[in-house]
Amino acid sequence: MRSVSEYWSSAARRAEPYAPGDQPGGKVIKLNTNENPYPPSPKVLSALREAVGPDLRLYPDPTAAKVRSTAAKLYGLSPEEVFVGNGSDEVLAFAFQAFFHQDKPIRFPDITYSFYPVYARLYQIPVEVVPVTEGFAIRAADYYRSPGGVIFPNPNAPTGLLLALEEVASIARENHGQVVVVDEAYIDFGGESAAPLVRQYPNLLVIQTLSKSRSLAGLRIGLAFGSAELIEGLNRIKGSFNSYTMDRLALTAAEAALEDSEYYSEICQKVIQTRTALLNRLEELGFRGTRSKANFVFAAHSHIPAKEIYEKLKERGIYVRYFPAPRINNYLRISIGTPTEMDALTAALADIVQHPHA
Ligand SMILES: *Cc1c(COP(=O)(O)O)cnc(C)c1O
């Protein structure tokens, strides 16, 4: 709706909400929102079954203490250096409110997660958009000495490109006094987390999610790692908004998922293998993809427009993501599914490529 209601506050008028990928029902092949094709760990499912009981009448632990200490152990940190939120989107929203200012612009890449401009607008944070290179790379030095802080995903979305850990560290080092937020939604698919660096850089906040690599998009669990000072900043915002952002089931599942790293590294390896195989097959079909380190590929065809391919796949019940934005409007972002789903996808693509404009 484009009109304006007299009942809306200035925030509601100003808002330009994020447009999530379609969530179609029924029998489709869903490769458009980067969910994990594999189920959560069996240990998560049995912990959840046990948690469904009379205790649901009680409020959950507002401090998420158990999840924080389990998450802290993954990176040799202490629970005071961990925050838990209702999906990393919520953690990101809290970070915008806790650390960014209405009179100092923050920097993020021109091609990046499209929720950042949405939050910047809602919270009235000015922005300096930094172009990525021709090959979509983030250049660390472009983010040094930002007036009001920095935010970027690593690997970046939707390009999948990974910035080396030393470069991430250099951005934190060269932004003394400003907060640098690294959104590691896809780090488990081929990168190395910056979380252990938060001891060295008290201005570094590392955000992760259990939605992608830990197969729990349906339960909404996000994490942040940072100095106790930054975590306290997030707690101040959260405690002014909703004491219980995490329900009992989400907390139960989060703890079990973070304890079963063995299961999750296995399924991440499967996703990585499928990604390599898919990229090879796409190249044979005339696509050129980025060197993605995420659970999706980002690829353009040599001569058939992405929009046309996107629409033809949709007609066949295969959902991928297409962004009608400058520089990337000839690319498709395709989530890595099971090998069977990838076979169906590449069969459909072979057909579309052989019969264009049909
Ligand atoms: C998926 C995604 C998120 C959001 O994850 P949730 O935890 O499900 O809210 C955040 N950042 C990036 C870059 C993502 O791709």
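All ligand and atom numbering here is 1-based and tracks the order in the structure. Quick note: residue numbers are just sequence positions, from 1.
- Atom 5 (O) of ligand 1 has S88 OG, 3.0 Å as its closest protein atom, hydrogens excluded (heavy atom only).
- Contact atoms of ligand 1 toward G87: 7 (O), 9 (O) (distance under 4.0 Å to a heavy atom of the residue).
- In this structure, R327 contributes its side chain and P131 its backbone to no donor-acceptor pair below 3.5 Å.
- Using a 4.0 Å cut-off between charged nitrogen and carboxylate oxygen, R199 and E81 count as a salt-bridge pair.
- Note: K293 NZ to I272 CD1 = 8.0 Å, rounded to the nearest 0.5 Å.
- Ligand 1 has no nitrogen or oxygen under 3.5 angstrom from a nitrogen or oxygen of Y116.
- Judged by distance alone, the side chains of E229 and S227 never bring a donor and an acceptor atom under 3.5 Å apart.
- One option in F152, Y113, Y186 has a heavy atom closer to atom 15 (O) of ligand 1 than any other, and that option is Y186.
- Close approach of ligand 1 to S211 (heavy-atom distance below 4.0 Å) involves ligand atoms 6 (P), 7 (O), 8 (O).
- For atom 9 (O) of ligand 1, the nearest non-hydrogen atom of the protein is R220 NH2, 2.7 Å.
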Salt bridge (Lys or Arg N to Asp or Glu O under 4.0 Å) between K43 and E259: does it pass, once the steps are laid out?
CA-CA 9 Å; K43 291 179 184 164; E259 272 168 356; over 6 Å; no

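- When hydrogens are left out, the protein atom nearest atom 13 (C) of ligand 1 is D183 OD2, 3.3 Å; that is the closest non-hydrogen contact.
- In summary, the atoms of ligand 1 found under 4.0 Å from a heavy atom of T209, numbered by their order in the structure, are 5 (O), 6 (P), 7 (O), 8 (O).
- At a threshold of 4.5 Å between side-chain heavy atoms, the hydrophobic network of Ile, Leu, Val, Met, Phe, Trp and Tyr places L204 and Y143 in one connected group.
- In this structure, K212 is part of the shell of residues with a heavy atom less than 4.0 angstrom from ligand 1.
- One hydrophobic cluster, built from ILVMFWY side chains closer than 4.5 Å, holds both Y186 and L161.
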